[in-house]
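In what follows, a single structure is set out as structure tokens and then discussed.
Owing to the predicted nature of the structure, the values given are computational and were not obtained by experimental measurement.
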Amino acid sequence: MSYNLLKGKKGIIFGALDANSIAWKTAERVHEEGGTFVLTNAPIAMRMGQINELAEKTGSQIVPADATSIEDLENLVGKSIEILGGKIDFVLHSIGMSVNVRKGKAYTDQNYDWTQKGTDVSAMSFHKVMQTLYKKDAMNEWGSIVALTYMAAQRVFPDYNDMADNKAYLESIARSFGYFFGRDKNVRVNTISQSPTPTTAGQGVKGFDGFISYAEKMSPLGNATALDCANYTITLFSDLTKRVTLQNLFNDGGFSNMGVSDDVMNAFVDNQ
């Protein structure tokens, strides 16, 4: 169901890879709610995904950009303003990558070159995106910037590895830069801490099926899907949340406030 929540609003969506990705679902929902946007991803990710299909479906243009490159980001922002015919109202940062996770390196045996690369892609890129938007005065007043995170930023999930550190850094950047964006530009910055979601990136984490099953049993409302996250993101892009900023907002079926659930407790009792 569409409510025209984003009619007339323009934005940039980072990270749509395929139909499983949250960015992809968000792009579809933005389109349904009347928003227009530029799609962007790193060139290597674009070769792996089906972003052209999404662009055609939503009537969007694609501007490739490596989010770790200031030069690429400056080009992206400039071209987006040109394509969209004005300043930006919303941005979704849906980017994350850990070489250590991909290569099976344990948290206690990091390859630090890989760690640094993951931090640059997963967290520092968010600062670079916002700094570029800020310096270019590219955001409309009361615009909204959202990044996706996970609760491993606050609690231990051993196999999430260095991505947990990256997400903690990402959330800190959102708060710190969000202050300046709010004070100087009336732009809000938030992160959404999503349930474990079977995206292409998420499924690369060791024991991911266990993550999903455990969270499902712990959460009174069950896991939030990629579409649930897209719907939540739409509300943060809309004018209905103009005073919400500097927040890490949990979209996880209640998991983040649970100690234990009956289902989890019964699983232990049954196995005794």
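A donor-acceptor pair shorter than 3.5 Å can be found between the side chains of Gln110 and Asn161.
Around atom CD of Glu74, more than 12 heavy atoms belonging to other residues, nucleotides or ligands sit under 6.0 Å away. Crowding of Gln116 atom CD: a count of heavy atoms from other residues, nucleotides or ligands under 6.0 Å not exceeding 12. The environment of NZ in Lys217 is sparse: at most 12 heavy-atom neighbours from other residues, nucleotides or ligands sit within 6.0 Å.
A side-chain donor-acceptor contact under 3.5 Å links Glu33 to the backbone of Leu5. At distances below 3.5 Å, not a single donor-acceptor pair connects side-chain atoms of Asn251 with backbone N or O atoms of Ser195. Checked by atom type and distance alone, the side chain of Ser219 pairs as donor or acceptor with a backbone atom of Ala215 at under 3.5 Å. Between the Ser172 side chain and the Tyr169 main chain, no donor and acceptor come within less than 3.5 Å of each other. For Asp89 (side chain) and Lys10 (main-chain N/O), a donor-acceptor pair under 3.5 Å exists by modelled atom type. Between the side chain of Arg188 and the backbone N or O of Trp142 there is at least one donor-acceptor pair closer than 3.5 Å. In this structure, the side chain of Glu56 does not engage the main chain of Leu54 through any donor-acceptor pair within 3.5 Å. Between the Asp120 side chain and the Lys117 main chain, no donor and acceptor come within less than 3.5 Å of each other. Side-chain N or O atoms of Lys7 include none that pairs as donor or acceptor with a backbone N or O of Gly34 at under 3.5 Å.
The aromatic rings of His93 and Phe14 sit tilted relative to each other, their planes meeting at an angle between 30° and 60°.
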* Asked: Checking side chain to side chain donor-acceptor pair (under 3.5 Å) for the pair Ser21/Asp18: CA distance, chi angles, key distance, verdict?
  -> CA-CA 6 Å; Ser21 69; Asp18 56 37; 4.6 Å; no

* Asked: Stepwise, does the side-chain contact (heavy atoms from CB on, under 4.5 Å) test hold for Tyr3 with Leu240?
  -> CA-CA 12 Å; Tyr3 303 92; Leu240 299 177; over 6 Å; no

* Evaluation steps, side-chain contact (heavy atoms from CB on, under 4.5 Å), between Phe237 and Arg29 -> CA-CA 11 Å; Phe237 287 167; Arg29 288 294 292 118; over 6 Å; no

* Asked: How far apart are the C-alpha atoms of Asp162 and Ser98, what are their side-chain angles, what is the distance that settles it, and do they pass the side chain to side chain donor-acceptor pair (under 3.5 Å) test?
  -> CA-CA 7 Å; Asp162 57 328; Ser98 166; 2.6 Å; yes

* To do: Under the ring pair (Phe, Tyr, Trp, His ring centres under 6.0 Å) rule, what do Phe180 and Tyr134 come out as? Steps first, then yes or no, please.
  => CA-CA 9 Å; Phe180 295 102; Tyr134 182 89; 7.4 Å; no

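Between Tyr214 and Phe255 there is a side-chain heavy-atom pair separated by less than 4.5 Å. Proximity of Val187 to Ile145: side-chain heavy atoms (C-beta onward) are separated by under 4.5 Å at one or more points. Side-chain contact check for Gln61 versus Lys79: every heavy-atom pair is 4.5 Å or farther apart.
Salt bridge Glu28/Lys57: present, at least one basic N to carboxylate O contact under 4.0 Å. One finds a salt bridge joining Lys87 and Asp137 here, because a Lys/Arg side-chain nitrogen approaches an Asp/Glu carboxylate oxygen to under 4.0 Å.
A distance of 9.0 Å separates OG1 of Thr191 from CG of Leu148, quoted to the nearest 0.5 Å.
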